[in-house]
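Remarks on the structure that follows.
Each chain gets a letter, A, B and so on, in the order the sequences are listed, and its residues count up from 1.
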Protein chains: 2
Amino acid sequence: MSIRNPKQALYEQFAIVAKALGHPLRLELIEHIAQGARSVEALAAKLEQPVANISQHLQALRRAGIVSADRDGKFVHYSLADASVLSAFAAVRGVAERQLAEVDRIVRGYFDALDDMRPVTREELQTLMRDGLVTLIDVRPADEFALGHVPGAINVPLGEVKAWSADATVGREIVAYCRGPWCVMSFEAVAALRSLGHAARRLEDGMPEWQAAGLPVEAVADIAAD
Amino acid sequence: MSIRNPKQALYEQFAIVAKALGHPLRLELIEHIAQGARSVEALAAKLEQPVANISQHLQALRRAGIVSADRDGKFVHYSLADASVLSAFAAVRGVAERQLAEVDRIVRGYFDALDDMRPVTREELQTLMRDGLVTLIDVRPADEFALGHVPGAINVPLGEVKAWSADATVGREIVAYCRGPWCVMSFEAVAALRSLGHAARRLEDGMPEWQAAGLPVEAVADIAAD
DNA sequence: CCGTCATTCAATTATTCCATTGAATGACGG
DNA sequence: CCGTCATTCAATGGAATAATTGAATGACGG
């Protein structure tokens, strides 16, 4: 009864993958792992969850072939098994975006009226950077910045945006980015900067998508994840 | 406790979509619905499941924004809510294909050595059809054929392939297609035709993908789904 | 070889999900 | 307005999943 016919067995395999994506914590894990390889405890800290719980979710993801684990000393680093995982994540997000009014409601409720917060495209940003017209800030924590960031970006973790902006030239546009299209940090950074009178926009998506688009990434070699 | 912060609420919405994809029956439902709008009882018959069970799974899909329901008299016709659903399905399938050795094993075990079963691409087929070089058969049941098929295709339901092929010209290549990339019917049709000495290949993917690629679809207006 | 530390395993409870059953709804046809 | 039929609802029992706890592995450093 477990396998009635090969067709159903295939659907069962597909269902395993989808089921593995069917938990908020695991989706959040994927978004973090998409930034680069992470250890269990680093992920547990980011998600503010017990290590054992995260370990089990990671194993669920591994069983589904979504992430892969590499042992390095006493640490186990998890990374995405394949770029196809990002597109599956994006596709699920796409369905949710298009179909669920709930998502709209949440986004709007949280970010007030952000109609004029049209993001900067990657192409646009490259032109603006080449011409020196904008300041690009990476509002992720320092450890994530160190593991890879857009060339030319300055690391300004979200908590330091306000202080940093005091020294920024008013009038010069600021572009902020963070982990991905649904990472709230760049939204918050832009909102804060605007309330202080700066011209600020978000970069579309975030770091993993930048990398996935085949664009160059810069890393800081001698800073370890904390 | 239900909604801790907006970010988590978003992940929860994404998880709802993924979870809805996380069941073999629901995936099979999606594949059928992707062919065109279907009633509950028609789907229940295809999947050989009790109507109530199918109804509940359909409602789960509807809650996730994956399918939409339209009442027509005493029938309720379900259809895909959006083309993005197909890409989510494909993305999940992509992860499973790339990552799960299990899938490989199942496919290989069932279809023997089908290394030389390279499918015909849609572009290739259009050329072959224009030049009149191949016979195209649609091996889906007649009701699905009626609702939309590739122009020029002949409907030869799987069970009739053997009988039909007796009248087919030996030497003329036959191309078969069915519901989609994991629909086993076209595999079986090709295997049967080859064992009878015909040259036969599969079309890549199937009907919904053909339609999604923007290619023309022909319908038989006066045949209703049974 | 022993202590430490990151990770995993095992066992528990609470929760959610799934299939089935039988009854309820809602629309058509007479 | 009543019977019929497609669909949905409500309730049940059984299975799978999730979070927690505490113990077990496995590798490094002395």
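Helical stems of DNA chain D (runs of at least 3 Watson-Crick or G-U pairs, donor-acceptor distances under 3.5 Å) are listed by first residue: C:1-30 with D:1-30.
For A:Asp138 (side chain) and A:Ile154 (main-chain N/O), no donor-acceptor pair under 3.5 Å exists by modelled atom type. In terms of modelled atom types and a separation under 3.5 Å, the side chain of B:Tyr177 and the main chain of B:Val150 share a donor-acceptor contact.
Salt-bridge check for B:Lys46 with B:Glu144: passed, with a basic side-chain N closer than 4.0 Å to an acidic carboxylate O.
In this structure, CZ of B:Phe75 is placed 12 Å from C1' of D:dT4, rounded to the nearest angstrom. When rounded to the nearest whole Å, the span between CG of B:Leu43 and P of D:dA6 equals 14 Å. Rounded to a whole Å, the CD atom of A:Glu41 is 10 Å from the C1' atom of C:dT7.
Separation of atoms CG (A:Asp72) and OG (A:Ser39) is listed at 10.0 Å; rounding is to 0.5 Å. Interatomic distance, B:Leu43 CG to B:His32 NE2, rounded to the nearest 0.5 Å: 7.5 Å. Note that CH2 of B:Trp210 is 6.5 Å distant from CG of B:Leu203, once rounded to the nearest 0.5 Å.
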What's touching nucleotides 12-17 of chain D from the protein side, N or O pairs under 3.5 Å?
none

Between protein and nucleic acid, restricted to nucleotides 8-12 of chain C and to nitrogen or oxygen atoms under 3.5 Å apart, what atom pairs and distances do you find?
unit_1: C:dT8; atom_1: OP1; unit_2: A:Tyr78; atom_2: OH; d: 2.9
unit_1: C:dT8; atom_1: OP2; unit_2: A:Ser55; atom_2: OG; d: 2.8
unit_1: C:dC9; atom_1: OP2; unit_2: A:Gln59; atom_2: OE1; d: 2.4

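Considering only side-chain N and O atoms, B:His57 lies under 4.0 angstrom from the phosphate OP1 or OP2 of C:dA19.
Closest contact between the side chain of A:Lys74 and the listed nucleotides D:dG26, C:dT7, D:dA18 involves D:dG26.
Between A:Asn53 and A:Gly73, it is A:Asn53 whose nearest contact on DNA chain D lies nearer the 5' terminus.
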